[in-house]
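These values consider heavy atoms only, across backbone and side chains, with no hydrogens, waters or symmetry-generated copies. Start at 1 and go down the list; that is how both ligands and their atoms are numbered.
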Amino acid sequence: MIRDPAILQQLIDTLARFVRNRLMPAEAQVAEEDDIPGDIVEEMKAMGLFGLTIPEEYGGLGLTMEEEALVAMELGRTSPAFRSILGTNNGIGSASIVFDGTEEQKAKYLSRYASGELIGSFCLTEPDVGSDAASVRTSARKQGDHYVLNGTKRFITNATRAGTFTVMARTNPEIKGARGVSAFIVDADTAGITVGPKDKKMGQAGSHTADVIFEDVRVPAAHLIGGKEGEGFITSMKVLDRGRLHIAAVSVGVSERLIEDALQYAVDRKQFGKPIAEHQMIQAMLADSKTESYAAKCMVLDAARQRDEGVNITTEASCCKLFATEMVGRVADRAVQIHGGAGYMSEYAVERFYRDVRLFRLYEGTSQIQQLVIARNMIKAIQD
Ligand code: COS
């Protein structure tokens, strides 16, 4: 749902200019230094980009899912690291509170996420808990008016910059599965928290992940999200439904950038006496990329509109994430192929994007987890 087309267009035009004039020229520097320049982060804050999805009453822009998808596509046109630094505040790092937090929790944290004063980080994955997310081992033992958290979280995006962690921990060791898990907001400066060194990754330089270790971390009971034990896994799944659609939208944006770069190169580069864009085998790669990117865009916008209408889109979000992230992998591969040997050189952005997009098929649920969610829901639907 688009609330006011003129206002949204203004936001998208401003963002497009920022991406083109400010972020794209800084891509190589970010890749080289594995960090995002502080002045760019400050500009992002001033533009309200940390609060895109935070409700307006807490100082955010309160974007609908369709609006968020269109904005994510625009942000996707530059290095994913730029989106990543503001991605957790607009998604997994704040959504648990937006969806299920108490009024007090919302009042305490949401406006600070919206302004970018606090970076929110989401802690679900553990060394032995990946796809089987309901098997969380981190424990939260109730002690008076506090919970005591112990455990290790792994590959945590923005951990090194975080002001808060949304932590999934087992409050009931008797219940082994989903219903034993609760969600907590944990201030990053609480005693007993250690953030490990940033992980060395294949791509997405400038976006940081790290381990977060909790050793007897005392968290006030008032920080149990929603004030109810046993709801943490369900909250996570709701957060991931939205997150998966967001990643699909980003994948569409990246594919559009890659197609633009590959097309430009194909028009400029001459072989056998003419631009390679005039060779039919290059044209086939361009056409397949355009077709698949367009298909993913249609899927994402359709699912986003349905979500805005209140429809349960768990299946559609997984369809979008599966298709769009696999699609951008193929598009990146073709973009490198169209560039030939030059595509293997870091001088061209396609080399970097080829590595960057590999993550989209892994985080917020692998492609195989999306297939599992889709098929399970299909089977359930005929049994109900
Ligand atoms: N929305 C709301 N509730 C949901 C839900 C959703 N999308 N998906 C599952 N649930 C609920 C179920 O209804 C069930 O509730 P009840 O206890 O009331 O029956 C509960 O959650 C457990 O669901 P389920 O039995 O399906 O859980 P599984 O252990 O089988 O796990 C998968 C389901 C595999 C889909 C889940 O573990 C998953 O998404 N794994 C991938 C994790 C991931 O994406 N990690 C990335 C880390 S974050 S970057």
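- For Glu57 and Lys106, the salt-bridge test fails: no basic side-chain N is under 4.0 Å from an acidic carboxylate O.
- Ranking protein heavy atoms by distance to atom 47 (C) of ligand 1, first place goes to Thr125 OG1, 3.4 Å.
- Using a cut-off of 4.0 Å between Lys/Arg side-chain N and Asp/Glu carboxylate O, Asp35 and Arg161 are scored as salt-bridged.
- Of the protein's heavy atoms, Ala133 CB, 3.7 Å lies nearest to atom 42 (C) of ligand 1.
- Ion pairing between Glu27 and Arg257 holds under the 4.0 Å rule for side-chain N and carboxylate O.
- Close contacts between ligand 1 and Thr314 involve ligand atoms 7 (N) [criterion: under 4.0 Å to a heavy atom].
- Here the shortest heavy-atom distance to atom 26 (O) of ligand 1, taken over Met168, Lys380, Arg376, belongs to Arg376.
- For atom 29 (O) of ligand 1, the nearest protein heavy atom (residue, atom name, distance) is Ala134 CB, 3.5 Å.
- Residue contacts with ligand 1 for Thr366 are absent, since no atom lies close enough (heavy atoms, distance under 4.0 Å).
- Using a cut-off of 4.0 Å between Lys/Arg side-chain N and Asp/Glu carboxylate O, Asp34 and Lys198 are scored as salt-bridged.
- Side chain of Asp302 to backbone of Cys298: no donor-acceptor contact under 3.5 angstrom is found.
- Checked by distance only, ligand 1 and Arg179 come closer than 3.5 Å through their nitrogen or oxygen atoms.
- Nearest protein heavy-atom neighbour of atom 7 (N) of ligand 1: Asp241 OD2, 3.1 Å.
- With hydrogens left out, the protein atom closest to atom 35 (C) of ligand 1 is Val373 CG2, 3.6 Å, a heavy atom.
- Taking all heavy atoms of Asp132, Ile234, Ile175 into account, the minimum distance to atom 11 (C) of ligand 1 is reached by Ile234.
- Between Tyr363 and Phe155, the gap from one ring centroid to the other reaches at least 6.0 Å.
- Among Gln370, Gln368, Met237, the residue whose heavy atom lies closest to atom 36 (C) of ligand 1 is Met237.
- In Phe18, the CZ atom is crowded: over 12 heavy atoms of neighbouring residues, nucleotides or ligands sit closer than 6.0 Å.
- Heavy atoms of Ser131 come nearer than 4.0 angstrom to ligand 1 in at least one pair.
- When non-hydrogen atoms are compared, ligand 1 lies under 4.0 Å from the side chain of Arg244 (C-beta onward) but not from its backbone.
- Evaluated for a side-chain contact (heavy atoms from CB on, under 4.5 Å) with Ser139, the options Asn150, Thr171, Val148, Asn172 yield exactly one hit, Asn150.
- Nearest protein neighbour of atom 49 (S) of ligand 1, counting heavy atoms only, is Glu364 N, 3.5 Å.
- Gly365 N, 4.0 Å is the protein heavy atom nearest to atom 45 (N) of ligand 1.
- Between Glu256 and Lys297 there is a salt bridge, with a side-chain nitrogen of the basic residue lying less than 4.0 Å from a carboxylate oxygen of the acidic one.
- Looking from atom 31 (O) of ligand 1 to the surrounding protein, the closest heavy atom is Phe233 CZ, 3.9 Å.
- When the shell of 6.0 Å around CD of Glu117 is examined, it contains more than 12 heavy atoms from other residues, nucleotides or ligands.
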